[in-house]
Amino acid sequence: MSIPTLNFIEELKWRGMLQDMMPGTDELLKKGPVKGYIGFDPTSDSLGVGNLVQVMILLHFQRCGHQPVALVGGATGMVGDPSGKSAERNLLSEDILNANLQGQKKQLEKFLDFTAGPTQASIVNNYDWFKNFNFLDFIRDVGKHITVNYMLAKDSVKSRLESGLSFTEFSYQLVQGYDFYYLWKHQGLKLQMGGSDQWGNITTGTELIRRMEGGEAFALTTPLIKKADGTKFGKTESGNIWLDPKKTSPYKFFQFWLNSSDEDSKNYIRIFTTKSQEEVLALEAEHDLAPNQRLLQKAIAKEVTIRVHSESDYNAAVEASEILFGNAPTEALSKLDEETLLNVFEGVPQMQISRDELTSGISVIELLSDKTNVFPSRGEARKLIQGGGVSINKQKLTDVNAVQNTNGLLQNKYLLVQKGKKNYYLLIVN
RNA sequence: GGGGAGAUAGCCAAGCGGCCAACGGCAACAGACUGUAAAUCUGUCCUCAUACGAGUUCGAAGGUUCGAAUCCUUCUCUCCCCA
């Protein structure tokens with residue numbers, strides 16, 4: 001094992017991933033390998049790209065020679081964190097929670113190195129130490145050390161006093177705080193990290209450690225990432241971007257990164273890749289010379305897609321993108337053999353249509369609204385066609401009353417429908 | 001407990017008896033320009049309908065009227081002020 005050459009704090013700073021830290025955190029990390037953790041909320045069976053920031057923190061932490069621990073919140077997930085929420089949360093059932101935990105665990109394993117060694121990553125579940133902790137013991141042994149005044153002062157609580165929050169959510173910070181205490185006490189964890197909205201919860205933990213045992217523990221938070229236009233990161237028109245290929249296809253995932261604006265991509269390259277500062281600066285300089293090449297976006301999309309999915313998924317996504325967005329004219333499309341075609345369009349929605357409907361010719365409006373779900377109604381199909389927003393096999397429809405028959409089928413079997421610039425549908429005729 | 005203000009489409013916000021499917025802004029979607037970027041300009045934006053048009057909206061329920069988002073009654077909820 002080589003001596004770690006990277007300084008974690010420095011690393012976070014130039015990447016723009018450091019919001020705040022407790023005094024002494026830097027010194028602690030310089031002294032030697034530290035065990036630190038981040039908690040994940042099991043509200044879904046898959047992590048989204050929004051969670052990726054935290055995952056990357058753990059990854060950088062490990063790369064800097066420390067020991068990352070991911071905490072999946074089997075217990076805290078049952079309570080509900082009021083941070084950043086404007087209303088009382090719906091509680092999930094135990095079954096769902098468990099399924100979610102398993103899903104997230106699998107994804108975390110793709111990022112961190114779990115092989116034995118001084119920086120070996122691990123995953124813990126706080127349900128393990130909470131399941132047998134009864135209420136009376138908890139309020140005697142833990143609650144006794146923290147005043148309500150202290151708890152009320154947290155922003156997450158303060159902002160909810162007007163609209164109201166249940167005792168359950170109010171106690172959340174204590175439950176999370178106890179996690180930190182438990183891990184500090186029994187597993188030697190000294191540092192908790194998280195998004196800036198977690199600062200209050202994390203400091204309740206360090207406070208608990210101080211009051212219960214006079215111990216010292218540290219905290220560090222990352223800024224909330226936002227897009228340059230101020231909108232939320234990680235969402236598109238069609239919803240959240242997930243790591244689970246069943247919820248977001250690798251093609252879409254790849255496209256998500258490729259579509260980042262220039263401004264955003266300069267942040268993303270720092271946060272979501274492990275490229276060194278020199279590499280990033282060089283890439284940026286090159287990008288600025290020819291922004292139309294979108295080198296940054298491509299570099300990010302490549303690294304993240306390979307890490308989350310696989311090299312072959314990445315290659316397929318690139319191939320599909322080139323065909324869909326490149327200058328490939330209709331002829332190029334028709335030259336594709338069936339296998340390539342199906343491979344390329346694996347990530348785009350596919351719809352069936354019977355051959356009989358087509359042989360005698362069918363108006364495109366009927367085809368796209370009644371026979372398939374490309375459009376929910378004829379009116380909408382008509383409007384977009386009139387607006388010049390619909391293409392079939394890369395050819396723009398200019399006539400609202402156009403009729404489609406079996407002549408233009410790719411491989412005598414497929415139709416590629418394009419709605420707007422980025423939405424594709426593959427119609428399969430059989 | 002007393003007094004006042006308000007509730008309009010995804011959000012903000014006009015309208016205060018017919019010209020209202022409802023000004024305007026934001027968001028969203030599409031087109032042009034570009035680089036699958038940003039900015040800008042243009043179009044669409046309650047639902048269905050090629051269109052003519054039809055249907056369902058202005059917190060809820062009733063009522064007045066030829067006609068109501070607009071007037072009246074009751075109810076529900078929100079905010080403010082005084083106790």
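Every value quoted in this text rests on a predicted model; they were computed, and no experiment measured them. Protein chains get the first letters and strands the later ones, always in sequence-line order, with residue 1 at the start of each.
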Classify the nucleic acid contact of [X] as base, sugar-phosphate or nothing, counting any heavy atom under 4.0 Å across all strands shown.
| X | value |
| --- | --- |
| A/L258 | base |
| A/S321 | base |
| A/Q386 | nothing |
| A/Q297 | base |
| A/K396 | sugar-phosphate |

Do [X] and [Y] get their side chains close enough for a donor-acceptor pair, meaning under 3.5 Å?
| X | Y | value |
| --- | --- | --- |
| A/K154 | A/T203 | yes |
| A/D113 | A/T115 | yes |
| A/S369 | A/E380 | no |

Q) According to the interplanar angle, ranging from 0 to 90°, do the rings of A/Y268 and A/F272 count as parallel (below 30°), tilted (30 to 60°) or perpendicular (above 60°)? A)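 Answer is perpendicular, since the angle exceeds 60°.
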
Q: Give the ring-plane orientation class for A/F167 versus A/F170, where under 30° counts as parallel, over 60° as perpendicular and anything between as tilted.
A: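 A/F167 and A/F170: tilted rings.
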
If we take the [atom1] atom in both [N] and [M], what is their distance in whole Å?
| N | M | atom1 | value |
| --- | --- | --- | --- |
| B/U8 | B/U56 | C1' | 15 Å |
| B/A68 | B/U76 | P | 26 Å |
| B/U50 | B/G15 | P | 37 Å |
| B/G62 | B/G10 | P | 23 Å |
| B/G43 | B/U36 | P | 25 Å |
| B/C20 | B/A69 | C1' | 8 Å |
| B/A38 | B/A21 | C1' | 35 Å |
| B/A39 | B/G6 | P | 38 Å |

When both hydrogen-bonding distances must be under 3.5 Å and the geometry is Watson-Crick or G-U wobble, what is [N] paired with, if anything?
| N | answer |
| --- | --- |
| B/A22 | none |
| B/G17 | none |
| B/U47 | B/A54 |
| B/G1 | B/C82 |
| B/A60 | B/U74 |
| B/A32 | B/U40 |

Provide, to the nearest angstrom, the distance between the [atom1] atom belonging to [X] and the [atom2] atom belonging to [N].
| X | N | atom1 | atom2 | answer |
| --- | --- | --- | --- | --- |
| A/K422 | B/A28 | NZ | C1' | 14 Å |
| A/L384 | B/U50 | CG | P | 15 Å |
| A/N267 | B/A38 | CG | P | 15 Å |
| A/F325 | B/U34 | CZ | C1' | 15 Å |
| A/H287 | B/A38 | NE2 | C1' | 11 Å |
| A/N259 | B/U34 | CG | P | 19 Å |
| A/Y268 | B/A38 | OH | C1' | 13 Å |

Q. side-chain contact (heavy atoms from CB on, under 4.5 Å) between A/F61 and A/L112: does it pass, once the steps are laid out?
A. CA-CA 10 Å; A/F61 192 64; A/L112 302 169; over 6 Å; no

With 3.5 Å as the limit, what N/O pairs link the protein to nucleotides 52-57 of chain B?
none

Q | Residue that, paired with A/T274, satisfies side chain to side chain donor-acceptor pair (under 3.5 Å) out of A/E303, A/H60, A/R63 | A | A/E303

Q: Go through the steps to decide whether A/Q198 and A/Q192 satisfy the test side chain to side chain donor-acceptor pair (under 3.5 Å), and finish with yes or no.
A: CA-CA 10 Å; A/Q198 292 300 309; A/Q192 183 180 175; over 6 Å; no

Q: Look only at the side chain of A/Q62 and the backbone of A/T119, and say whether a donor-acceptor pair between them is shorter than 3.5 Å.
A: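 It does hold such a pair.
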
(Q) Please check: side-chain N/O of A/Q104 versus main-chain N/O of A/D41, any donor-acceptor pairing under 3.5 Å? (A) yes

Q) Would you say the base of B/U36 and the side-chain of A/Q255 have a donor-acceptor pair closer than 3.5 Å? A) yes

**Q.** A/L341 side chain reached by A/L416 side chain, heavy atoms, under 4.5 Å
**A.**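 No; the side chains remain at least 4.5 Å from each other.
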
Q: Using the six-membered ring of A/Y425, assess whether NZ or CZ of A/K419 lies under 6.0 Å from its centre and within 45 degrees of the ring axis.
A: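 Relative to the ring axis of A/Y425, which defines the angle, A/K419 lies outside at least one limit.
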
Q: Look at A/N423 and B/A30 and indicate whether a side-chain polar atom (N or O) is within less than 4.0 Å of OP1 or OP2.
A: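 Yes, such a contact exists.
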
Q: Give a yes/no on whether any side-chain N or O of A/K266 is located under 4.0 angstrom from OP1 or OP2 of B/A37.
A: no

Q.
Taking the nucleotide of RNA chain B with the nearest heavy atom to each, does A/G389 or A/N292 sit closer to the 5' end?
A.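 Final value for this comparison: A/G389.
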
(Q) Strictly under 4.0 angstrom, non-hydrogen atoms only: write out the protein contact profile of nucleotides 39-49 of chain B, one letter per nucleotide from the 5' end, B, S or -. (A) -----S---SS

